Amino acid sequence: MKKRKNIITIAIDSPAAAGAGTQAKKIANEYNLLYLDTGKIYRYIGKLKLDEKEKFSNKLVKKKIDKIKISDLSKKNLISDKVATSASLIAKNKSIRKIVKNFQFNCAYNPPKKFSGSILDGRDITSVIMKEATMKFYITANIKVRAKRRYLEFKKINKKISYKEVLKSLKNRDYLDKNRKYSPLKKTKDSILINTSKLSKKACFNKIKALIDKKLKLNGSI
Ligand code: C5P
């Protein structure tokens, strides 16, 4: 696979609803990076599983992923708790993870020339997909804070789900994602821990930006 040289690569892992996506988008904007929300790929496959039922197969997944574009991942029908849980279940599968690896590698190490680099967030980005990233972060928050944030997001878009249901679902996904055999969610030693429980979005971004600026200065990039 082709790898662009001298680009900024940022890897983020986090449990669901910890604020990683919000921060990743802000960082992408600030440093002109290609942003890939890798959870959306698993959600896309999770949705495919719900829609296709018995017709769902790894062959079908491969066929779809071979043709996928980042713009296919911004569909609103991927934002539901049912799809998220289905994503978490198919994400345990080693063959499925293998199918999506190339797409993620390509976004990470070979972003289009107009970008100065890439930023990916997910569950196995720091540990598997971007082991050699310029910088790695593990973003987390207290489970109740995360459930409240996700519940309010759902409420805003009129999704009918209670806080209790959201909390239960996040706990279930945390368990599945952290305890699976292949590519479990974990904080790697070289990742910087950011706990967003008591931080505003802005305060969190300022903290991350200061760390990135320091690293880029050391590397002689700015
Ligand atoms: O990030 P998001 O909550 O959209 O991810 C949905 C699910 O996709 C996660 O709960 C996880 O099981 C799976 N996932 C994964 N590896 C990634 C990103 C997401 O297994 N890199």
Side-chain angles (χ1 to χ4, degrees), residues 9-25 28 34-50 58 61 64-65 68 70 72-109 118-131 133 136-141 143 145-154 157 159 161 165-188 191 196:
T9 48
I10 301 181
I12 302 179
D13 279 318
S14 79
T22 305
Q23 294 304 322
K25 272 183 226 155
L34 172 73
Y35 169 50
L36 178 68
D37 171 355
T38 65
K40 287 276 167 61
I41 309 170
Y42 291 95
R43 282 174 184 254
Y44 178 91
I45 302 168
K47 173 91 173 50
L48 195 68
K49 167 113 186 152
L50 293 173
N58 288 355
V61 174
K64 296 273 181 188
I65 297 298
I68 207 162
I70 293 188
D72 296 330
L73 302 173
S74 54
K75 295 212 173 91
K76 287 215 175 74
N77 60 12
L78 300 181
I79 312 168
S80 84
D81 198 57
K82 204 172 160 197
V83 170
T85 302
S86 176
S88 223
L89 291 170
I90 57 92
K92 291 198 285 186
N93 188 303
K94 192 182 177 186
S95 324
I96 286 186
R97 302 201 74 86
K98 206 172 154 205
I99 295 171
V100 299
K101 210 169 173 179
N102 260 351
F103 177 72
Q104 297 179 69
F105 266 157
N106 210 35
C107 291
Y109 296 111
S118 64
I119 178 163
L120 275 65
D121 68 358
R123 304 293 185 281
D124 63 340
I125 308 305
T126 59
S127 58
V128 178
I129 305 297
M130 295 173 81
K131 278 190 185 156
K136 297 181 179 182
F137 294 96
Y138 185 85
I139 299 185
T140 189
I143 181 84
V145 172
R146 290 192 278 129
K148 192 169 171 208
R149 285 183 191 154
R150 185 50 47 94
Y151 167 69
L152 292 174
E153 279 167 20
F154 281 145
I157 52 169
K159 291 253 180 217
I161 185 163
E165 284 169 316
V166 175
L167 180 66
K168 194 175 162 203
S169 171
L170 285 188
K171 277 187 184 165
N172 176 40
R173 275 210 287 151
D174 277 3
Y175 182 83
L176 287 171
D177 293 349
K178 288 179 182 172
N179 293 290
R180 66 186 175 213
K181 189 167 175 196
Y182 306 108
S183 307
L185 169 66
K186 59 178 181 213
K187 183 194 163 300
T188 59
S191 296
T196 71

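All ligand and atom numbering here is 1-based and tracks the order in the structure. Being a predicted model, the structure only gives us computed values, none of them experimental.
The backbone N or O of Gly19 lies less than 3.5 Å from no partner atom in the side chain of Gln23, so there is not a single donor-acceptor pair. Side-chain N or O atoms of Thr38 include one that pairs as donor or acceptor with a backbone N or O of Asp121 at under 3.5 Å.
In the candidate list Asn93, Asp177, Asp124, Asp177 is nearest to atom 9 (C) of ligand 1, counting heavy atoms. Scanning Arg173, Arg180, Arg97, Lys178 for the heavy atom closest to atom 3 (O) of ligand 1 points to Arg173. For atom 2 (P) of ligand 1, the nearest non-hydrogen atom from the set Lys101, Gln104, Arg123, Lys40 comes from Arg123.
The closest side-chain donor-acceptor pair between Ser88 and Thr85, if any, does not fall under 3.5 angstrom. For the residue pair Tyr182 / Asn93, no side-chain donor-acceptor distance below 3.5 Å is found, with atom types taken as modelled.
For atom 8 (O) of ligand 1, the closest non-hydrogen atom on the protein side is Tyr42 CB, 3.4 Å. Nearest protein heavy-atom contact of atom 4 (O) of ligand 1 is Arg43 NE, 2.5 Å.
Considering both main-chain and side-chain atoms, Asp121 never comes within under 3.5 Å of ligand 1 through any nitrogen or oxygen pair.
At most 12 non-hydrogen atoms from other residues, nucleotides or ligands lie less than 6.0 angstrom from NZ of Lys64.
The side-chain hydrogen bond (donor to acceptor under 3.5 Å, both in side chains) test with Asp177 is passed by exactly one of Lys92, Lys186, Arg123: Arg123.
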Before you tell me yes or no, could you show the steps for Asp81 and Val166 under side-chain contact (heavy atoms from CB on, under 4.5 Å), namely the whole-Å CA-CA distance, both residues' side-chain angles and the distance that decides it to 0.1 Å?
CA-CA 8 Å; Asp81 198 57; Val166 175; 5.7 Å; no

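Of all the atoms in ligand 1, the ones that sit under 4.0 Å from a non-hydrogen atom of Gly122 are 17 (C), 18 (C), 21 (N). Counting the atoms of ligand 1 from 1 in the order shown, those under 4.0 Å from a heavy atom of Thr38 are 17 (C), 18 (C), 21 (N). Annotation for ligand 1: atoms under 4.0 Å from non-hydrogen atoms of Ala91 are 12 (O), 13 (C), 20 (O).
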